[in-house]
Number of protein chains: 4
Amino acid sequence: MRVKDEEKQQALFEATIKLVNEIGFVSSSVAKIAKEANVSPATLYIYHENKVDLLVNTYLQIKKSLSLAILEDFAPEVGVKKGLKLVWRNMFQYISKHNDYFQFTEQFSNCPYASLINKEEVDSYFLPVLILIEKGIKDKIIKDIDFDMIICFLVAPVLHLANPKICCNFVVNEESINIGFELAWDAISCN
Amino acid sequence: MRVKDEEKQQALFEATIKLVNEIGFVSSSVAKIAKEANVSPATLYIYHENKVDLLVNTYLQIKKSLSLAILEDFAPEVGVKKGLKLVWRNMFQYISKHNDYFQFTEQFSNCPYASLINKEEVDSYFLPVLILIEKGIKDKIIKDIDFDMIICFLVAPVLHLANPKICCNFVVNEESINIGFELAWDAISCN
Amino acid sequence: MRVKDEEKQQALFEATIKLVNEIGFVSSSVAKIAKEANVSPATLYIYHENKVDLLVNTYLQIKKSLSLAILEDFAPEVGVKKGLKLVWRNMFQYISKHNDYFQFTEQFSNCPYASLINKEEVDSYFLPVLILIEKGIKDKIIKDIDFDMIICFLVAPVLHLANPKICCNFVVNEESINIGFELAWDAISCN
Amino acid sequence: MRVKDEEKQQALFEATIKLVNEIGFVSSSVAKIAKEANVSPATLYIYHENKVDLLVNTYLQIKKSLSLAILEDFAPEVGVKKGLKLVWRNMFQYISKHNDYFQFTEQFSNCPYASLINKEEVDSYFLPVLILIEKGIKDKIIKDIDFDMIICFLVAPVLHLANPKICCNFVVNEESINIGFELAWDAISCN
DNA sequence: GATGAATGAGTGTTCATTCAT
DNA sequence: CATGAATGAACACTCATTCAT
């Protein structure tokens, strides 16, 4: 993989996301993606080993940018609840702004290529949040239960609400974001 | 004249679910599905108009059977919390038992074919639960907020926890089911 | 071939002609023809050995009916010119009335199945006309040249003019039929 | 980057003509044509949008080459009869030489794809001949009747006589060509 | 580095025909 | 006699990938 033209690289990512969202994995052929990116199919293979590699790399790049967005202005010092609330709001805002990225990852997460992802590495992007939760548990602010369970009530509702395919009526605004967080907080916090 | 063979129909459904789970939508060709079902590719087209029709019908059948399982022993008279708890437990048990069905629907829900589903019809399968929640709101047992939000905290965590691709460590047992429900209940109930 | 229901037989012929004209040989499958004739594909095979047999039989039936139409009111006694003129007019009238039959035979004559036809048998349907022409040659009313050449100037123009695919503007009426015959007669007669 | 191979293009045309003549439109599959042309089926689609496009383009190329052959040495100055006689002879010679091309167009003209051809454009190839005929009519050398009728007696007999499927006994030589033309001329000329 | 041509293997689908009733 | 179910083979076409330039 000889990297040269950053623009082509980016055009390929965007073409991939756009096409997969519009016509799905099944119909998104290399030829179509290359055309959408104004690039020859052969060129695509300079930047990615093969088709699966392209998809995986696209996924990883999105996850990376998501983690950056989520941790924007994040400061553990403000306390557990305030910290998590910021993360919660950042997630909603990122997803609202980049709904196409989000749709892509949702599709990708549920397809067999997902198993090619190094989950631990992706998780590490979000480490500061995990540390804050652990602190919350230790300080008896958050219920002392299985970690997956906590994450579940913090993440799953966001993905559910923000997914227009599932919640087509849900409106994302400051108020609904706050209400949502209060429910999540009621679920995981000690009383 | 021969008569349509119910066994073939069923074999097709099972082959579809198995293959889609194992190799994904992209690689699940009609030829492979037919072979897995011990049926000629041409025969598949007697039972389904085309490949998409096969996938959609498979999805609908699963959703139907899920709704039946969820509502087993359901009796609104037992009260809001107990009623919802039963539903919650039924969901976990169904998903544990039929993890392959569940995986299929998760993939399907996030692929473009999902838009071909009449969502209202599918929702209607679960109507009794919706009515119980509405009663809970009216009786001030459940928070008076957007309906989607309530559903979200009741459904999304189940799908999240039960999905081995996401929560590979989570163990489904009587205790973890109960804990999960208590969190969900804390989220949606009036204190 | 066990013949029983004359109606089904006829329905099959008409369905074949209609479909071949509308969508061509290539797309006219046995299944479609059977459906058009309100008959099961399997039933078709009671009346015809296979698909080619169906097409050939359809062609032969049309040729037979054409020969009957052409020879209607034919009487060699009226003389060579009057006799041929009647035949000429009968041809135009038959083709105008049964343009779908005609289109079918034109397509069929130019496809490889045509070689399966016993040309001599078909020609024999039109024997009286051939005899009249021979008489015309003997009586020095018609030019004494190759027989094929005579037939050619009597038949080819009709097929050409009556074919809406070639002569889309040509109008078939009493006057144009007469003019056409005069040209043909000028061509073949001893001035 | 490789460059489009003119040889492949030509091989495809010839394979198409050969196969369609030998086994007909119905049996001439893309796979067979590609094999005959020593080319991958996929390659065929680089040169032609689809199968119909291949057939249409083949037809058009033949018509173009026919028009060039017909107008070879054509000079309106030699007069109407001599001019048309040259065209008549050129047609016979071209058809004799390229009987396979001719057979293909005969089949094509009578199949439903024919409607995809821009007839006016094809006609324009032969414009000089049409102009000569018009001059003949104006000069009262040719009968003043419907144009289609004139064309019919000039063209249909050639196609008829030259078609070995119809006139299997007819021998094309200088004498028979002349005799044929005299008949045609007797038909259309003002005696 | 970048490309369009080229391809064998595969796609979803339909085919002519036969089978079991 | 009549049928719809059933099928292996074939269909037109597209695929991910490589090649020659």
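Owing to the predicted nature of the structure, the values given are computational and were not obtained by experimental measurement. Just so we're on the same page: letters track the sequence lines, and every chain starts at 1.
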At 4.0 Å (heavy atoms only), tell me whether [X] reaches a base, stays on the sugar-phosphate, or touches nothing.
X	value
T43(D)	base
K35(A)	nothing
V30(C)	base

Practice prompt. Please answer whether the main-chain N or O of S27(B) pairs with a side-chain N or O of K32(B) as donor and acceptor at a distance below 3.5 Å.
Written response: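 Present.
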Looking at D100(B), is its backbone amide N or carbonyl O close enough to the side chain of N21(B) to form a donor-acceptor pair, meaning the two atoms are under 3.5 Å apart?
yes
Check: Between the base of dG10(E) and the side chain of S29(B), is there a donor-acceptor distance below 3.5 Å?
Finding: no
Check your understanding: The side chain of Y47(B) lies closest to which of these nucleotides: dG4(E), dA5(F), dC15(F)?
Key ->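 From the listed options, dA5(F) comes nearest.
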Atom [atom1] of [X] and atom [atom2] of [N]: how far apart are they, to the nearest Å?
X	N	atom1	atom2	result
N50(B)	dG12(E)	CG	P	11 Å
I46(B)	dG8(F)	CD1	C1'	13 Å
I23(D)	dC11(F)	CD1	C1'	13 Å
L54(C)	dT17(E)	CG	P	10 Å
Y45(A)	dC15(F)	OH	P	12 Å
K51(A)	dT18(F)	NZ	P	15 Å
L55(C)	dC15(E)	CG	P	14 Å
D53(D)	dA12(F)	CG	P	14 Å

So F104(D) and H98(D), ring pair (Phe, Tyr, Trp, His ring centres under 6.0 Å) or not? Walk me through it.
-> CA-CA 10 Å; F104(D) 178 89; H98(D) 301 289; over 10 Å; no
5' precedence on DNA chain E between L44(D) and V52(C) (nearest-nucleotide basis)
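Per heavy-atom nearest nucleotide, the more 5' residue is L44(D).
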Please tell me which of V26(C) and P41(D) maps to the more 5' nucleotide of DNA chain E, matching each residue to the nucleotide holding its nearest heavy atom.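 Closer to the 5' end of DNA chain E: P41(D).
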dA16(F) -> Watson-Crick or G-U wobble partner, both distances under 3.5 Å, gives dT7(E)
Paired to dT21(F) by Watson-Crick or G-U wobble criteria (both distances under 3.5 Å) is dA2(E)
**Report entry** Within residues 5-13 of chain D: residues closer than 4.0 Å to DNA chain E (heavy atoms)
**Finding:**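 Residues of residues 5-13 of chain D under 4.0 Å from DNA chain E: D5(D), K8(D).
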Practice item. Establish, for the pair K64(A) and Y125(A), whether the NZ or CZ atom is under 6.0 angstrom from the six-membered ring centre and no further than 45 degrees off its axis. Key: yes
Short side-chain donor-acceptor distance under 3.5 Å, E14(C) and Q10(C)
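Present: a donor and an acceptor within the cut-off.
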| query | Does the side-chain hydrogen bond (donor to acceptor under 3.5 Å, both in side chains) test come out yes or no for Q103(A) and Q107(A), once each step is laid out? | reply | CA-CA 6 Å; Q103(A) 273 182 56; Q107(A) 256 196 81; 5.9 Å; no
Only one of T16(D), L116(D), L60(D) passes side-chain contact (heavy atoms from CB on, under 4.5 Å) with L55(D), and that residue is T16(D)
inquiry  = Whether K32(C) contacts dT14(E) is assessed here as follows: a side-chain N or O lying under 4.0 Å from the phosphate OP1 or OP2. Is that the case?
reply    =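 For dT14(E), neither OP1 nor OP2 has a side-chain N or O of K32(C) closer than 4.0 Å.
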- Listed partners of E36(C) passing side-chain contact (heavy atoms from CB on, under 4.5 Å), at least two apart: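 Result, side-chain contact (heavy atoms from CB on, under 4.5 Å) vs E36(C): A15(C), K18(C), L19(C).
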Per nearest nucleotide of DNA chain F, the residue lying toward the 5' end, A42(D) or N38(B), is N38(B)
